[in-house]
Amino acid sequence: MADVSMPARYSPHEVEERLMKEWLQSGAFHGETEPVGPTYSIVIPPPNVTGSLHMGHALNGTIQDVLVRYHRMLGASTLWLVGTDHAGIATQNKVEGQLAAEGLRKEDIGRDDFERRVWEWRERYGSTIIEQLKRLGCACDYERERFTMDEAYHDAVLRAFVDLYEKGDIYRDLYLVNWCPRCGSAISDLEVEHVERTDKLYYLRYPILGTDDHLTVATTRPETMFGDTAVAVNPDDPRYGRYVGMKAVVPLVDREVPIIADEHVDPEFGTGALKITPGHDPNDAEIARRHDLPGISAIDFTGRLNEQAGDFAGRDADEARPAIVDRLTELGLFERSEDYAHSVGTCYRCGTVIQPLLSLQWFMDMKRLAAPAIECVEDGRIDFFPHRWGEVYVEWMRGIRPWCVSRQLWWGHRLPVWYCDDCNEVVVALEAPAACPQCGGPVRRDEDVLDTWFSSAMWPFATLGWPESTPELKSYYPTSTLSTARDIIYLWVARMIMMGLEYMGDVPFRSVIVHPTILAADGRRMSKSLGTGIDPLELIDEYGADATRFGLLYMSSVQDVRFSAERIEMGRNFANKLWNASRLILQGVHPAATPGVEPVTPADRWIFSRLGSVCGEMAGLYESFDFAEAARVAYRFVWNEVCDWYLEIAKARLYGEDETERLQVSGNLLALLERILGLLHPMMPFVTAEVHRNLPRASAGADAQTQADLLNARFPVADPGWADESAERAMVSFIAAVAGIRSAREELDVPRDAVGRVWIVAADPGRASALTGQPGALRQLCGCEIAGVVAQEDEVPAGRFTTVAAPGLTVLLPLEGLVDAGKERARLLGRAEKAAADRARANAKLSNERFVEKAPPEVVAQERERLALAEDLLADIARQYRERLGEDLSL
RNA sequence: GGGCGAUUAGCUCAGGGGGAGAGCGCUUCCUUGACACGGAAGAGGCCACUGGUUCAAAUCCAGUAUCGCCCACCA
């Protein structure tokens, strides 16, 4: 017994902690600055500094880690750039919350102190999620950790802003924006989340000037009436044609507004008359623009009604709604209301209902940058996986609209913009001007900061040193693959592509993996507020990091999936299985053995032939990002082929007396194990690396696979010489024969310790070679000895047998004195029925002329074979029935 | 309103023109010296529905239903 001490159960935590510590200390994950040879790079989607690891991060981290580790094993210089996003609103909210606990508002301490507080907060809590990635086993370059508010990064962001301003893409405009009254900031269209809600649709009467008539308009927001500047009807609406050109009176404010005709008005909706509030509704703003109507703001930046609302001024717009309706009711101008389901825009950060309102903001027109960004996906310079997301991306890019990039926050990249109040000059520059270049007067800096997504759009190159021409930038840009969740394709991926093309003249990555969303077990989204989230760290605690990774990969596919803890448990069991298989090998191998492939027995030839296929398959699956399938292939191979069959068969030789055989099988086992560890290492880095360390190190002539650390080993490559189809065929027959023997004995209640002397009937001895070529194996697996091998059944000496069919051969299993006639009858009947059904089905097909005529010859041949097989089997069963039970079989 | 995706075993999901698969759960048996996080043998599916294409459809096409997700300016 070799000197290997491995407990019978794999305990992940000690191993994970120890290995990760070593890897980090040795700088194993640090990307070379000036690598020679191929490189492979990934930039992590930077999580918010405020974040902690959730299921999406865990899956995405695992995917990226698999890729990085796999490519490292292919010999590439890898860089996985890690870091965090300053996440303007989210982080500001966190710190504001902290202040609130002290009874303070940010205004109480001022902007500079507030910023200091945020930085302190980041120092304290900002690395939480990075530490959590380490627990997952992620091979990130932690020495190159970046933050979107790093000084150099900040400079890069301002540079891009100034440049885009100078190119005319960025401009300032008074425009209807999405205003979040709680955040006190504008947000972009993409940051508005529409939620379905049932509200009331109110029917309100607007008197028509100079008549006793009125127009009834339908609105969900009566409180916006203080900003009404028209009433619109459809030009083809016969009900209202006569009023067009007249004036209506907006109730409560008695404003006289024109009645206009516009195509946009749907005569079918409500009353067919629409109140126009250009200051608070994007549609209305559009109509107002067409008709040259003024916009009036009636709601201020805090969401309160302003002086336009008369004695309602100062009240929260939403809360004032019932009072306004009451007032209208008193005036007889409220007609009715009805339930109305519609969608309402809310802030994606805080859920507050968005107020569209007019505001002076900075915008970026995306048209110029969008064109090449569409092209590079259409011409395949960037591939999306699954491919359909590329189409979704292109579709969105085609309809891209200006992006509101300014935010009224204190935490973020402050705009490099200065104003002169004396002459209204606007200066956009990297450096603060000492004075107004026009009039020499004083200047003040814009208070606003940039949308967080503006800076994260530059992540793939700003992290590598842009605008400096650094070695890292040269080596690792464009990055290889980006892996992300689909909800930030527009917010982030699209913008990175545009900015990458603009500033680097090349795509930021070659491929984009859009991984599935892991839903809660009940099918809802995982979310903290719903309480449906599952903490991946708890999974790591309970099952281990490898198990968590494996489970996540296994359950992920191309579509969204419900989380199932069983999959993680499966990962744990698999890690343990691998551990114990390794234990069997490491404890059982001959002390003098070194890894070496020397397939001598049929099982050896089979397992290495299979290993060869699996190596190729796994490489292909990793490269095509099919990680779920990679997990399945590895699981099946290791568990169902290696453990279930090969190891069991190998035991006979491993524990045998023959020194040569022991050495031989030991070498094979070690070589096999090494390759398995390599195949699995990208998915399960810890358990594989730990086992790898326990491999015996031969002093000289060691297998090239054996390296100090699996991390730096080469990914296993098949030797073409391993391929052995006949061994695979023979083992398929062997496995079917053993399973058949076990099944028959189980059904017939044969005592398990009974030794059976079986006859093998095989026309082609090659088919039986796995049975005949390793007799110890049959004994090991089902306690049978081979009495003889014959080509024809009539060569077998008379006796009572039951038959077991396997591809290309039949096993005759002796039954003397062991069989209960009732059980045997049931067994034979069951098999006969199945054979009869097979025969009928094959007959039906073969008697169909068009099938014989049109189906491919091999399919027809297969069907003939089936028919022959079924007929033989039936005849055989009938004979046994007669011999053994003295009855004729009738079906 | 447009688009995309899903519908397969009790559950969670693979598969994908030529005899339905996995894990968990279930039944029976097994503490054999790698592993009970294990082993052996089983039971369990009209592959949502309706049509079409085809010699052959769970698989391809069309439609229907249900669910989910995006996008969109119906107040």
Side-chain angles (χ1 to χ4, degrees), chain A residues 1 6-10 194 201-202 217-221 224 232 264-266 268-277 281-287 340 342-343 356 386 388-389 391-392 395-396 399 486-487 489-490 517 519 521 523-525 543-544 547 551 554-567 569-588 628-629 632 635-636 640 643-644 647-648 651 655 739 742-747 749 752-753 781-782 837-838 841-842 845 848-856 858-860 862-863 866:
Chain A
M1 176 96 36
M6 293 170 74
R9 181 166 292 186
Y10 173 62
H194 291 92
L201 184 64
Y202 300 91
V217 299
T219 180
T220 53
R221 303 192 60 203
T224 61
H264 172 268
V265 181
D266 176 3
E268 307 289 315
F269 188 91
T271 59
L274 173 63
K275 69 186 207 59
I276 301 297
T277 321
D281 184 286
N283 296 320
D284 293 2
E286 193 52 33
I287 293 170
Y340 179 60
H342 64 149
S343 70
R388 66 185 134 93
W389 291 111
E391 290 158 32
V392 172
E395 194 61 29
W396 181 77
R486 67 173 128 71
D487 48 353
I489 291 176
Y490 307 143
T517 304
L519 305 169
R524 291 186 295 172
R525 276 188 92 86
Y543 301 101
Y554 196 101
M555 77 178 84
S556 75
S557 63
V558 296
Q559 61 179 11
D560 293 351
V561 71
R562 295 176 186 213
F563 177 80
S564 68
E566 288 80 28
R567 288 279 116 93
E569 208 171 311
M570 186 182 181
R572 179 198 62 184
N573 296 353
F574 184 46
N576 191 240
K577 187 74 176 177
L578 179 65
W579 178 256
N580 275 292
S582 306
R583 236 159 59 89
L584 166 66
I585 294 170
L586 295 175
Q587 291 175 352
E629 187 60 17
R632 278 182 201 103
Y635 184 96
R636 278 199 302 265
N640 302 124
C643 291
D644 287 353
L647 293 185
E648 292 304 326
K651 279 178 184 173
Y655 297 146
R742 285 169 173 171
S743 179
R745 293 179 135 202
E746 191 86 24
E747 281 174 53
D749 281 340
R752 67 188 51 252
D753 52 354
L781 292 171
C782 54
D838 284 358
R841 197 160 163 171
K845 276 196 183 176
N848 178 350
E849 278 172 35
R850 287 185 304 177
F851 171 74
V852 180
E853 198 179 302
K854 293 197 168 180
E858 63 271 19
V859 173
V860 178
Q862 185 194 332
E863 215 53 47
R866 272 194 192 128

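Every chain is numbered from 1 and lettered A, B, ... according to where its sequence line falls, protein lines coming before strand lines. Note that the coordinates shown come from a computational prediction; the quantities given were computed from them, not determined experimentally.
Where A:R850 and A:A837 each meet RNA chain B at their nearest nucleotide, the meeting point lying more 5' is that of A:A837. Both A:A8 and A:K845 lie close to RNA chain B; mapped to their nearest nucleotides by heavy-atom distance, the more 5′-ward contact belongs to A:K845.
Between A:E849 atom CD and B:rA56 atom C1' the separation is 16 Å, expressed in whole Å. Protein atom OH of A:Y635 is 6 Å distant from nucleotide atom P of B:rC24, rounded to whole Å. Rounded to a whole Å, the CH2 atom of A:W579 is 17 Å from the C1' atom of B:rG38. Note: CD (A:E569) to P (B:rA22) measures 19 Å, nearest angstrom. Computed from coordinates, the A:E629 CD to B:rC13 P distance equals 17 Å when rounded to whole Å. As a whole-Å value, the separation of A:L781 CG from B:rG39 C1' is 12 Å. With rounding to whole Å, A:N848 atom CG is found 17 Å from B:rG18 atom P. Counting to the nearest Å, the P atom of B:rA22 and the CG atom of A:N573 are 17 Å from each other.
A:R221 places no side-chain N or O within donor-acceptor distance of the main-chain N or O of A:D281, the cut-off being under 3.5 Å. Within the 3.5 Å criterion, the main-chain N or O of A:T517 finds a donor-acceptor partner in the side chain of A:D560. Using a distance-only test at 3.5 Å, with no hydrogens or angles considered, a donor-acceptor pair links the side chain of A:R583 to the main chain of A:M6. Remark: side-chain polar atoms of A:R567 are not paired, donor with acceptor, to backbone N or O of A:S556 under 3.5 angstrom. A:N580 places a side-chain N or O within donor-acceptor distance of the main-chain N or O of A:A8, the cut-off being under 3.5 Å.
Remark: the separation of the P atoms in B:rG21 and B:rA41 is 16 Å, to the nearest Å. Taking the C1' atom of each, B:rC35 and B:rA43 are spaced 26 Å apart, rounded to whole Å. For the C1' atoms, the distance linking B:rU59 with B:rA48 amounts to 15 Å, nearest Å. Between B:rA34 and B:rG39, the two P atoms lie 13 Å apart (nearest whole Å). Between B:rA9 and B:rG1, the distance separating the two C1' atoms is 39 Å to the nearest Å. Taking the C1' atom of each, B:rG16 and B:rA58 are spaced 8 Å apart, rounded to whole Å. Here the separation of B:rA22 from B:rC47, taken at their C1' atoms, is 15 Å to the nearest Å. Here the separation of B:rC13 from B:rG19, taken at their P atoms, is 28 Å to the nearest Å.
With respect to the salt-bridge test (charged N to carboxylate O, under 4.0 angstrom), the residues A:E391 and A:R388 do not qualify. Ion pairing between A:E853 and A:R850 fails under the 4.0 Å rule for side-chain N and carboxylate O.
Under the Watson-Crick or G-U wobble criterion, with both distances below 3.5 Å, B:rG1 is paired with B:rC71. Pairing for B:rG44 is absent, with no Watson-Crick or G-U wobble pair whose two atom distances lie under 3.5 Å. Summarising the base pairing, B:rU50 is matched to B:rA62 through a Watson-Crick or G-U wobble pair whose two defining distances lie under 3.5 Å. For B:rC11, the paired nucleotide is B:rG23, the pair qualifying as Watson-Crick or G-U wobble because both relevant distances are below 3.5 Å. Applying the Watson-Crick and G-U wobble criteria (two distances, each under 3.5 Å), B:rA56 pairs with nothing in any strand. For B:rG16, there is no paired nucleotide, since no Watson-Crick or G-U wobble pair has both relevant distances below 3.5 Å.
Using cut-offs of 30° and 60° on the angle between ring planes, the pair A:F269 and A:Y340 is perpendicular. Note on ring orientation: taking the six-membered ring where Trp is involved, the planes of A:Y635 and A:F574 are tilted (angle from 30° to 60°).
No hydrogens or angles were tested; on distance alone, a donor-acceptor pair under 3.5 Å links the side chain of A:R567 to the base of B:rU12. For A:R841 against B:rG19, a side-chain N or O and a base N or O form a donor-acceptor pair under 3.5 Å.
Residue contacts for A:S557: at a heavy-atom cut-off of 4.0 Å it reaches the sugar-phosphate backbone alone, with no base atom in range. Within 4.0 Å of A:Y554, counting heavy atoms only, lie sugar-phosphate atoms of the nucleic acid but no base atom. Residue contacts shown for A:R742 are limited to sugar-phosphate atoms, with no base heavy atom under 4.0 Å away. When heavy atoms are screened at a 4.0 angstrom cut-off, A:V561 is found touching the sugar-phosphate backbone but no base atom.
In this structure, A:R632 does not reach the B:rA14 phosphate: none of its side-chain N or O atoms is under 4.0 Å from OP1 or OP2. Between A:Y655 and B:rA34 there is a side-chain polar atom (N or O) within less than 4.0 angstrom of OP1 or OP2. Within the structure, every side-chain polar atom (N or O) of A:K651 is placed at least 4.0 Å from both OP1 and OP2 of B:rU32. Look at A:S582 and you won't find any side-chain N or O under 4.0 angstrom from OP1 or OP2 of B:rA34. Listed pair A:N580 / B:rG38 fails the phosphate criterion, with no side-chain N or O lying under 4.0 Å from OP1 or OP2. Of the side-chain N and O atoms in A:S743, none sit less than 4.0 angstrom from OP1 or OP2 of B:rA41. Within the 4.0 Å cut-off from OP1 or OP2 of B:rC13, not a single side-chain nitrogen or oxygen of A:Q559 is found.
Here B:rA34 is the nucleotide among B:rG18, B:rU54, B:rA34 with the atom lying nearest to any side-chain atom of A:L584. Candidate nucleotides B:rG18, B:rA34, B:rG5 were compared by shortest atom distance to the side chain of A:F851, and B:rG18 ranks first. Of the candidate nucleotides B:rA34, B:rG19, B:rC37, B:rG19 has the atom nearest to the side chain of A:D838. Distance from the side chain of A:E863 is smallest for B:rG19 among the nucleotides B:rG19, B:rA41, B:rC37. Comparing atom distances between the A:E746 side chain and each of B:rG18, B:rA34, B:rA41 picks out B:rA41 as nearest.
Contacts of A:K651 classified as side-chain contact (heavy atoms from CB on, under 4.5 Å), with partners at least two apart in sequence or in another chain: A:L584, A:E648, A:Y655, A:Q780.
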5' to 3', nucleotides 69-75 of chain B under a 4.0 Å protein heavy-atom cut-off (B base, S sugar-phosphate only, - none) gives SSS-BBB

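Counting heavy atoms of neighbouring residues, nucleotides and ligands inside a 6.0 Å radius, atom CD of A:E849 does not exceed 12 of them.
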